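The next block holds one structure in the form of structure tokens; read it before the comments.
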Amino acid sequence: LPNRDPKDIQPGDILVYKVRPGHKYGHAIMVLDVVQNPKNGKKMVMLAEGCTPACDIHVLANLKSSRKSPWFSWDENADVQYFDCFKYHRDELRHFN
């Protein structure tokens with residue numbers, strides 16, 4: 001899958017966590033939705049993931065949110081972002097052609 005600039009994130013994009021040294025598997029999280037605050041331009045994303053093996057998918061809950069919201073802040077300028085227990089680098093956002 002080709003890379004996508006984090007500024008251009010959209011539903012259907014995939015965050016691909018590559019296999020890291022010492023680990024057996026990578027991981028992927030799908031972007032379900034993207035919203036943007038018209039006043040300040042900040043974005044939030046709703047994400048889904050499956051387990052290994054990927055038998056089903058579920059919407060991630062943002063456990064850092066007091067409301068356990070499914071929305072995560074999206075910092076398009078960050079080098080690294082954390083979702084669930086995975087750390088994603090800015091070059092790991094991909095999209096389908």
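Model, not experiment: these values are computed from the prediction.
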Mind checking the [atom1]-[atom2] spacing from [X] to [Y]? Nearest 0.5 Å is all I need.
X     : Y     : atom1 : atom2 : value
Leu32 : Leu47 : CG    : CG    : 7.0 Å
Met44 : Asn62 : CE    : CG    : 7.0 Å
Ile14 : His27 : CD1   : NE2   : 10.5 Å
Ile9  : Glu76 : CD1   : CD    : 9.5 Å
Ser69 : Leu60 : OG    : CG    : 11.5 Å
Ile29 : Ile57 : CD1   : CD1   : 12.0 Å

>> Per the salt bridge (Lys or Arg N to Asp or Glu O under 4.0 Å) rule, what does the pair list look like for residues 22-42, sequence neighbours excluded?
In response: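 Every candidate salt bridge (Lys or Arg N to Asp or Glu O under 4.0 Å) pair involving residues 22-42 fails, so no pair, neighbours aside, qualifies.
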> How would you list all residue pairs meeting salt bridge (Lys or Arg N to Asp or Glu O under 4.0 Å) that involve residues 58-73, not counting sequence neighbours?
Replying inline: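 Sorted pair list comes back empty.
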>> Can you give me the closest heavy-atom contact between Asn3 and Asp91, atom names plus distance?
In response: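 That closest heavy-atom pairing would be ND2-O, 2.7 Å.
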> Where is the tightest heavy-atom contact between Val59 and Met46, given as atom of each residue plus distance?
Replying inline: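 Val59 and Met46 have their closest heavy atoms at CG1-CG, 3.9 Å.
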>> His95: which residues meet the side chain to side chain donor-acceptor pair (under 3.5 Å) condition with it, sequence neighbours left out?
In response: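 By the side chain to side chain donor-acceptor pair (under 3.5 Å) rule, His95 matches Arg4.
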> Can you name the residues that form a side chain to side chain donor-acceptor pair (under 3.5 Å) with Lys7, not counting sequence neighbours?
Replying inline: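 Per chain and number, Lys7 pairs via side chain to side chain donor-acceptor pair (under 3.5 Å) with Asn77.
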> With no hydrogens and no angle check, is any side-chain donor or acceptor of Arg90 less than 3.5 Å from a backbone partner on Asp5?
Replying inline: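 No, Arg90 side chain to Asp5 backbone: no donor-acceptor pair under 3.5 Å.
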>> I'd like to know if the side chain of Trp74 and the backbone of Gln36 have a donor-acceptor N/O pair within less than 3.5 Å.
In response: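 No, because the side chain of Trp74 does not come within donor-acceptor range (under 3.5 Å) of the backbone of Gln36.
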Give the cluster check for [X] versus [Y]: same hydrophobic cluster or not, with ILVMFWY residues linked at side-chain heavy-atom distances below 4.5 Å.
X     : Y     : result
Leu1  : Leu93 : no
Val31 : Phe96 : no
Val34 : Tyr88 : yes

>> Once salt bridge (charged side-chain N to carboxylate O under 4.0 Å, His left out) is applied, do any residues pair with Glu49, and if so which ones, sequence neighbours excluded?
In response: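 Applying salt bridge (charged side-chain N to carboxylate O under 4.0 Å, His left out) to Glu49 gives none.
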> With Phe83, which of Phe72, Tyr17, Trp71 fulfils ring-ring contact (aromatic ring centres under 6.0 Å, His included)?
Replying inline: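 Of the listed options, the one satisfying the test is Phe72.
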> If you link I, L, V, M, F, W and Y whenever their side-chain heavy atoms are under 4.5 Å apart, who else ends up in the same group as Val80?
Replying inline: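 Its cluster partners, ordered by chain and number, are Tyr82.
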